[in-house]
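Comments concern the structure below.
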Amino acid sequence: MLSSSDFASASWELVVRVDHPNEEEQKDITLRVSGDLHIGGVMLKLVEQINIAQDWSDFALWWEQKHCWLLKTHWTLDKCGVQADAKLVFTPQHKMLRLRLPNMKTVRLRVSFSTVVFRAVSDICRALNIRRAEELSLLKPSGEYFKKKKKKDKNNKEPIIEDILNLEGSPTISGPSVSPGLYSKTMTPTYDPINGTPASSTMTWFSDSPLAEQNCSILAFSQPPQSPEALADMYQPRSLADKAKLNAGWLDSSRSLMEQGIQEDEQLLLRFKYYTFFDLNPKYDAVRINQLYEQARWAILLEEIDCTEEEMLIFAALQYHISKLSLSTEMQDFTNESEVDEVEAALSNLEVTLEGGKADNTLEDITDIPKLADNLRLFRPKKLILKAFKQYWFVFKDTSIAYFKNKELEQGEPVEKLNLRGCEVVPDVNVAGRKFGIKLLIPVADGMNEVYLRCDHESQYAQWMAACILASKGKTMADSSYQPEVLNILSFLKMKNRNSASQVASGLENMDINPECFVSPRCAKKHKSKQLAACILEAHQNVAQMPLVEAKLRFIQAWQSLPEFGLTYYLVRFKGSKKDDILGISYNRLIRIDAATGIPITTWRFTNMKQWNVNWEIRQVAIEFDQNVSIAFTCLSADCKIVHEYIGGYIFLSTRSKDQNETLDEDLFHKLTGGQEAI
């Protein structure tokens, strides 16, 4: 039996600060505890001592020095390592957070600060009705992101009040956490696939959601164009190193917000992090498609991705068209729409999904791999030699191109055979100048071989370009995606074909367009406003008949066709190198890029990767590929965990299939992205 003095010596005082939301100042509560008391018992003592009747179920203990939550309530203080000098805070697990969405609109909602970011993002996306939450994540912006804007604010006499969509009653608070991507098609709100407005039966789906109070379609519509002054005032990366800085702020998906130093009501960016957009469906993804369109639009306007002037005008024309349609659609009264039965909509979608593509030539596709054969011109850049193209007879079969001096020699030995698996394919096109070129960067042991092909016309270019794109991914022309790829390229070329100047000139006077809103500030400086407006309206003729959602999808497709699409940059130092390089990470490859010139040096495909790991002591990422190729690098512009997570994340997303009933293996994600870092 222990005497009272023995008990006193075995117990000790623990000071816990109570973060009470209804009181301005935090209070310190002193408890007498012993090492064998479990965490749940500590919280029970706290609540009894505070003696305020309220729901304390969301409160948990946060250990300030160790920077971690004490969520295992059955663990004892001894097991957790908590002693008398521990600084504990009794605080709500869900706190307010401001999120700037891709469309630059800020939403304020209650988010879990104690669950890992991967699950928190899943809950956020569920509240905002964005499917495929695994493609998004939270980014903490660098100081430069808001710097320019603040300078301008100082000069303004009136303070700028940010338009915030307040979703304080967000469903992320209550209910069990939902598995990422676990959305039944019959439970998902349905939208009109033409203009993106919610079907009227869907309005009832939103009845418990805070979005219902402020019009459930608000996130599915694009924002009005920014003024040229506001556009010029926003942060624009000028170099690859600047772009690398933008990507340094991605949060660790395997740790909570609180563990990463995020404060209550702090502003973060919600962005599409992984550029593999799975199963985009206009019927269910109006919000997702709009936010994707907006992220693409801002990437073009702020020159986060490079494009030619011709492409810039196509993007401008599509923006102008979408802007006009969005204004007219917002004025409609959605309540007058015809009723759509939710189950009927789900069955209809299932029918479309099951039908898939036409299977007329399925057997033929399996047994017979098509080939292309035609006269093309070829050029290999060499120093001190002018750019002269020479004609050859080209044959494209499987994933290789062979070329011969003429057609008659096709059965003999080719001049050269190029294996395109793993190569970079870059369009080199000027429709107005009738230039249809394909630039190939083919990986070899000591770097990249550069080859230029020149086609005669649009149709030939579309077929060969589509074949090159598929071959770079290890696919042949027998693949079902070949014909859609050809059609996509042709439709993109058609948008570039501007030949309606007379119609444009007549409509110029009645135009309600501010052309500088739709192009990057650098492009706007090159042209007079009237000249720019005429070019945009000219390009607009080719897209004027498109419905709203199709125009957004076309914009996304055009964005995806840009050579730099999907590349995320980091400044690194390769093992054995004396200078810094840029590492580009894409959904299927890593690219080493010269930091000074921006020219790709080497490409490594994920399909050839055997294993990758991190040496956490020296913060070095090491990767092994087939054929005894191995690389190692340290990250200079960000923590190596961010790069490690990017690689693992893309490999994880490549395992998705429609057969999985839209559920994801969260444990596999953390296994591939978390690493073995000691905490």
Side-chain angles (χ1 to χ4, degrees), residues 139-145 147-148 235-250 271 273-275 299-300 302-308 381 383 422-428 439-451 472 520 522 562-606 609 612 614-615 618-623 625 629-647 649-650:
L139 180 69
K140 187 172 183 176
S142 62
E144 284 134 335
Y145 187 82
K147 196 185 283 180
K148 276 194 171 185
Y235 177 70
Q236 288 176 262
R238 296 293 177 196
S239 64
L240 286 177
D242 286 345
K243 292 175 185 178
K245 283 179 195 169
L246 286 176
N247 296 311
W250 288 109
R271 291 288 182 272
K273 177 179 180 179
Y274 298 103
Y275 294 89
I300 301 291
L302 298 178
E303 295 187 81
E304 290 171 13
I305 185 168
D306 290 337
C307 65
T308 64
K383 288 178 182 176
C423 77
E424 297 294 309
V425 184
V426 183
D428 183 23
K439 178 181 172 184
L440 300 172
L441 295 166
I442 301 166
V444 288
D446 56 344
M448 307 280 270
N449 269 345
E450 202 170 326
V451 177
S472 73
S520 68
R522 188 165 53 169
L562 295 176
E564 282 186 22
F565 168 77
L567 279 173
T568 306
Y569 300 103
Y570 289 98
L571 191 66
V572 300
R573 173 73 64 89
F574 278 88
K575 189 177 180 181
S577 175
K578 292 181 179 177
K579 66 185 185 73
D580 301 341
D581 286 307
I582 296 288
L583 180 74
I585 305 174
S586 180
Y587 73 96
N588 61 354
R589 67 200 187 281
L590 299 174
I591 307 174
R592 182 177 181 175
I593 302 167
D594 188 296
T597 63
I599 296 171
I601 301 168
T602 318
T603 296
W604 302 279
R605 311 290 291 194
F606 288 160
M609 189 189 291
W612 79 101
V614 180
N615 182 331
I618 57 173
R619 317 299 285 181
Q620 185 182 73
V621 181
I623 308 174
F625 297 93
V629 175
S630 60
I631 60 171
F633 55 84
T634 50
C635 306
L636 306 177
S637 63
D639 191 283
C640 64
K641 171 65 171 72
I642 295 175
V643 175
H644 174 67
E645 185 175 308
Y646 244 118
I647 296 169
Y650 271 128

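- Atom-to-atom distance recorded for I582:CD1 and I601:CD1 is 10.0 Å, nearest 0.5 angstrom.
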Show the numbers, then the answer: is there a side-chain contact (heavy atoms from CB on, under 4.5 Å) between L562 and E564?
CA-CA 6 Å; L562 295 176; E564 282 186 22; 5.7 Å; no
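- Taking every heavy atom of both residues into account, W250 and I642 meet most closely at O-CD1, 3.6 Å.
- One distance of note links OG1 of T568 with NZ of K243; it measures 11.0 Å at 0.5 Å rounding.
- Checked options K575, R573, R592; the residue passing with D581 is R592 (criterion: salt bridge (Lys or Arg N to Asp or Glu O under 4.0 Å)).
- Here the CZ-SG distance, from F565 to C307, works out to 14.0 Å after rounding to the nearest 0.5 Å.
- Considering all non-hydrogen atoms of both residues, D580 and A595 come closest at O-CB, 3.8 Å.
- Side-chain contact between Y570 and S637: present, with at least one pair of heavy atoms (C-beta onward) separated by less than 4.5 Å.
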So V614 and R619, side-chain contact (heavy atoms from CB on, under 4.5 Å) or not? Walk me through it.
CA-CA 7 Å; V614 180; R619 317 299 285 181; 6.0 Å; no
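- Taken from OG1 in T602 to CG in L441, the straight-line distance is 11.0 Å, to the nearest 0.5 Å.
- Here the straight-line distance linking atom CG of L571 with atom SG of C635 works out to 9.5 Å at 0.5 Å rounding.
- Of all heavy-atom pairs spanning F633 and I623, the tightest one is CE2-CD1, 4.1 Å.
- Checked by atom type and distance alone, the side chain of S239 pairs as donor or acceptor with a backbone atom of D242 at under 3.5 Å.
- The two residues P443 and G422 make their nearest non-hydrogen contact at CG-O, 3.5 Å.
- Listed here is the closest heavy atom pair of L583 and V643: CD2-CG1, 4.1 Å.
- From L567, atom CG reaches atom CD of E304 across 13.5 Å, with rounding to the nearest 0.5 Å.
- Looking at heavy atoms from C-beta onward, T603 lies out of side-chain contact with C423 at the 4.5 angstrom threshold.
- Counting all heavy atoms, side chain and backbone alike, R605 lies closest to F625 at O-CE2, 3.5 Å.
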Derivation of the side-chain contact (heavy atoms from CB on, under 4.5 Å) call for V426 and L440:
CA-CA 6 Å; V426 183; L440 300 172; over 6 Å; no
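- A salt bridge does not link K439 to E424: none of the charged nitrogens lies less than 4.0 Å from a carboxylate oxygen.
- The six-membered or imidazole ring of Y587 lies away from that of Y275, with a centre-to-centre distance of 6.0 Å or more.
- The aromatic rings of W612 and H644 sit tilted, their planes meeting at an angle between 30° and 60°.
- Under a 4.0 Å N-O distance rule, the pair K273/E645 qualifies as a salt bridge.
- No donor-acceptor pair closer than 3.5 Å links the side chain of Y650 to the backbone N or O of N588.
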How far apart are the C-alpha atoms of V572 and L636, what are their side-chain angles, what is the distance that settles it, and do they pass the side-chain contact (heavy atoms from CB on, under 4.5 Å) test?
CA-CA 5 Å; V572 300; L636 306 177; 5.6 Å; no
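- Contact annotation: the side chain of L302 never approaches that of Y235 to less than 4.5 Å [non-hydrogen atoms, C-beta and beyond].
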